[in-house]
Amino acid sequence: KFRGLRSSDGEELQAPQIREANLKSLKCPSCGAPHELQAGGISQTLVCGFCDTAMDLNQDATFKSVVQFEQSKAKIPAKIPLGSRGIPPGSNTEYTCIGYLSKFCRVDGAIYRWAEYLLYEPSKGYRWLTESNGHWSLLAPLRQVPTKFGSEPVGYPPNTEVKLGPTPFNPSQKPAATVEYVAGEFYWRVRVGESSEVSDFVAPPQVLSADCSQSEVNWSLGTYVEGAALWKAFRLSGSPPAPPGIANNQVNPHKAAAQRRWTTYAVALLATFGFLTVRTLTERGKFFDETFNYRDYEPDRVQQKKLQVPAGQHNLAITVIAPSLSQRWADFVVTLVDPKTQEARSGSTSLYHQSGVDDGEAWSESVTRSTIHFAHVPGGEYDLQVEPLSNVVGQDQPEGPGTPKSFPNTLFGYTLQASLSQAHWGYLWMVVLLGLIPPLWSGWRSSSFETSRWSESDHAPASSWSDD
């Protein structure tokens with residue numbers, strides 16, 4: 001959170017004239033602790049971190065003690081010690097930490113605390129680092145006023161979306177913040193117990209913050225920064241504590257992944273559709289068609305033919321058709337044998353036809369056509385073998401010469417057709433269904449992250465775009 005840059009008396013801060021003479025050293029009039037002013041000539045208040053005495057730097061050269069805060073029993077240690085120097089992330093200038101505030105607010109009886117660190121560099125001015133539950137943001141004073149309703153400048157912070165340039169910011173929190181601990185030097189007369197209303201608007205990783213007093217509204221713009229980067233920048237010992245929960249301007253780490261996966265899914269669908277379309281339009285069709293008979297008492301019903309597969313590598317489809325099956329089933333084992341290597345590829349299928357009458361109603365069930373697929377078959381000559389087996393075998397032996405059934409009886413006929421496999425459009429549905437899993441998973445994680453982000457907000461997403 002960022003609490004605005006202003007004088008508590010409503011005075012407009014003028015651009016300071018930085019001179020060497022501005023830099024002053026002094027001792028605390030209460031405890032004698034030495035202090036060196038980092039922004040001498042600009043700072044209005046110095047709070048001794050040893051005895052909590054507040055010195056009004058505008059009084060006179062003696063820096064008279066004006067008040068001693070009742071905060072000694074509640075000292076709150078700063079994670080970034082006063083006097084620490086570092087180059088904050090996103091900056092190329094070294095700043096000094098000169099002030100530290102601890103603030104709190106009450107929401108539904110619960111107390112929420114956060115810390116604010118005032119950074120200073122003579123040529124750049126002031127920046128703030130805010131920390132809440134291990135989440136950090138770096139903020140600077142805003143030199144323009146956000147807008148609402150298109151181009152209307154914002155006066156008092158609304159409960160609706162505001163814009164900074166083309167970027168929309170959604171309302172997040174609007175607490176009444178109270179100072180409970182103070183140490184260091186500040187450019188206004190800060191006091192323990194000082195209160196202001198703060199309005200935060202977020203467009204992760206950015207946050208717009210408005211600090212509202214009775215006489216003025218001060219806007220600032222900040223960016224979420226990782227604690228580890230700050231520890232490195234200010235050369236702090238140890239590691240930053242792991243932040244629980246989600247900050248209001250923290251970047252959603254799952255959003256980009258979800259967008260990438262949805263894009264990948266769309267590309268995969270288009271690529272699959274295009275590939276199958278091209279295969280359908282360009283693939284060669286049927287190139288083999290032979291009919292065979294299943295006869296009585298044949299000791300070996302295996303049929304064999306030569307099959308010439310076109311040059312190249314293909315997915316081969318062998319279709320078995322037996323339309324004359326009647327009250328029968330038949331199994332077919334189809335084998336492709338390379339005569340050069342004796343490598344065999346086999347597949348099988350079953351056909352049947354059944355019919356009858358139940359309760360005066362005729363019924364019929366049949367599968368008289370089926371296809372066996374062979375993948376990645378190199379072009380060349382093959383022996384195509386088919387071995388049929390049926391539940392009706394006919395006679396085992398002929399009745400002899402001159403008898404009515406001296407020749408084998410044909411029980412049913414069947415046809416083998418070979419073609420180069422056409423595109424399997426079922427693959428498209430496989431991509432449609434299975435391909436949905438990754439983007440849906442990432443989308444769910446992204447949505448859960450946003451739900452957690454807004455769970456402690458004063459403005460639920462569904463209502464954050466409505467006007468007062």
Side-chain angles (χ1 to χ4, degrees), residues 264-295 298 300-326 328-353 365-390 410-437:
T264 301
Y265 175 67
V267 171
L269 279 182
L270 290 174
T272 303
F273 179 81
F275 173 77
L276 293 176
T277 300
V278 171
R279 284 290 302 274
T280 299
L281 297 176
T282 61
E283 193 67 274
R284 180 179 172 183
K286 181 173 63 177
F287 64 92
F288 176 89
D289 192 331
E290 289 284 343
T291 299
F292 306 93
N293 291 318
Y294 187 95
R295 301 171 185 265
E298 285 183 327
D300 184 4
R301 294 188 173 90
V302 176
Q303 304 286 348
Q304 180 170 305
K305 292 287 184 178
K306 292 294 183 181
L307 181 67
Q308 186 67 42
V309 178
Q313 194 172 72
H314 306 276
N315 293 327
L316 194 62
I318 304 294
T319 302
V320 184
I321 307 170
S324 58
L325 284 175
S326 180
R328 297 185 179 97
W329 57 259
D331 291 337
F332 298 88
V333 178
V334 177
T335 304
L336 277 179
V337 180
D338 187 335
K340 297 177 182 178
T341 64
Q342 294 303 305
E343 180 184 358
R345 305 165 183 250
S346 295
S348 62
T349 188
S350 296
L351 304 179
Y352 66 91
H353 176 273
E365 293 181 1
S366 65
V367 175
T368 58
R369 182 188 185 102
S370 182
T371 300
I372 303 169
H373 295 276
F374 297 93
H376 310 300
V377 178
E381 186 177 69
Y382 291 84
D383 292 328
L384 175 62
Q385 299 175 355
V386 56
E387 181 178 3
L389 176 66
S390 177
T410 297
L411 300 179
F412 61 86
Y414 60 92
T415 299
L416 290 186
Q417 295 178 346
S419 60
L420 302 182
S421 289
Q422 299 295 310
H424 296 293
W425 287 92
Y427 291 149
L428 180 63
W429 289 109
M430 183 174 66
V431 173
V432 168
L433 297 177
L434 296 182
L436 272 175
I437 296 176

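Hydrogens, waters and symmetry mates are skipped; everything else that's a heavy atom, side chains included, is used.
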Report summary line: On a heavy-atom basis, the closest approach of Phe374 and Val334 is CZ-O, 3.9 Å

Query raised in the report: Nearest 0.5 Å, what's the OG-CD1 distance between Ser419 and Ile318?
Result: 7.5 Å

Query raised in the report: What pair of heavy atoms forms the shortest contact from Pro388 to Val386, and how long is it?
Result: CD-O, 3.7 Å

Query raised in the report: Just wondering, are more than 12 heavy atoms of other shown residues or ligands nearer than 6.0 Å to CZ in Phe273?
Result: no

**Report entry** Criterion side chain to side chain contact (heavy atoms under 4.5 Å, CB included) on Leu420 and Leu316, from CA distance to verdict
**Finding:** CA-CA 5 Å; Leu420 302 182; Leu316 194 62; 4.1 Å; yes

**Report entry** Ser348 (side chain) donor-acceptor with Phe332 (main chain) under 3.5 angstrom
**Finding:** no

**Report entry** Euclidean distance, Leu351 CG relative to Arg328 CZ, rounded to 0.5 Å
**Finding:** 13.5 Å

Query - Any donor-acceptor pair under 3.5 Å from Thr341 side chain to Glu343 backbone - result: yes

Requested in this report: Taking the side chain as every heavy atom from C-beta outward, state whether Glu365 and Tyr352 have any pair of such atoms under 4.5 Å apart.
Outcome: yes

Report summary line: Here the gap from Leu307 atom CG to Tyr382 atom OH, rounded to the nearest 0.5 Å, amounts to 9.0 Å

Report task. Check whether any side-chain heavy atom of Tyr265 lies under 4.5 Å from a side-chain heavy atom of Val432, and answer yes or no. Result -> yes

Requested in this report: Name all residues meeting the side chain to side chain donor-acceptor pair (under 3.5 Å) criterion together with Lys340; count only those two or more places apart in sequence or in a different chain, and write none if there are none.
Outcome: none

**Report entry** Under 3.5 Å: donor-acceptor pair, side chain of Asn315, backbone of His376
**Finding:** yes

Report task. Applying side chain to side chain contact (heavy atoms under 4.5 Å, CB included), run through Val320 and Thr415 and close with a yes or a no. Result -> CA-CA 6 Å; Val320 184; Thr415 299; over 6 Å; no

Requested in this report: Please round to the nearest 0.5 Å and tell me the distance separating atom CG of Leu428 and atom CG of Leu433.
Outcome: 9.5 Å

**Report entry** Matching residue for Asp383 among Gln342, Lys305, Lys306 - test: side chain to side chain donor-acceptor pair (under 3.5 Å)
**Finding:** Lys306

Report task. Return yes if some donor-acceptor pair links the side-chain N/O of Tyr414 with the main-chain N/O of Pro323 below 3.5 Å, else return no. Result -> no

Report task. Starting at CD of Gln385, measure out to OG1 of Thr335 and round the result to the nearest 0.5 Å. Result -> 5.5 Å

Query raised in the report: Does Arg345 use its side chain to pair, donor to acceptor, with the backbone of Ala375 at less than 3.5 Å?
Result: yes

Query raised in the report: To the nearest 0.5 Å, how far apart are OH in Tyr294 and CG in Leu411?
Result: 7.0 Å

Query raised in the report: Sub-3.5 Å donor-acceptor pair from the side chain of Thr371 to the main-chain atoms of Ala317, do we have one?
Result: no

Query - Steps toward side chain to side chain contact (heavy atoms under 4.5 Å, CB included) verdict (Leu384, Leu336) - result: CA-CA 5 Å; Leu384 175 62; Leu336 277 179; 4.0 Å; yes

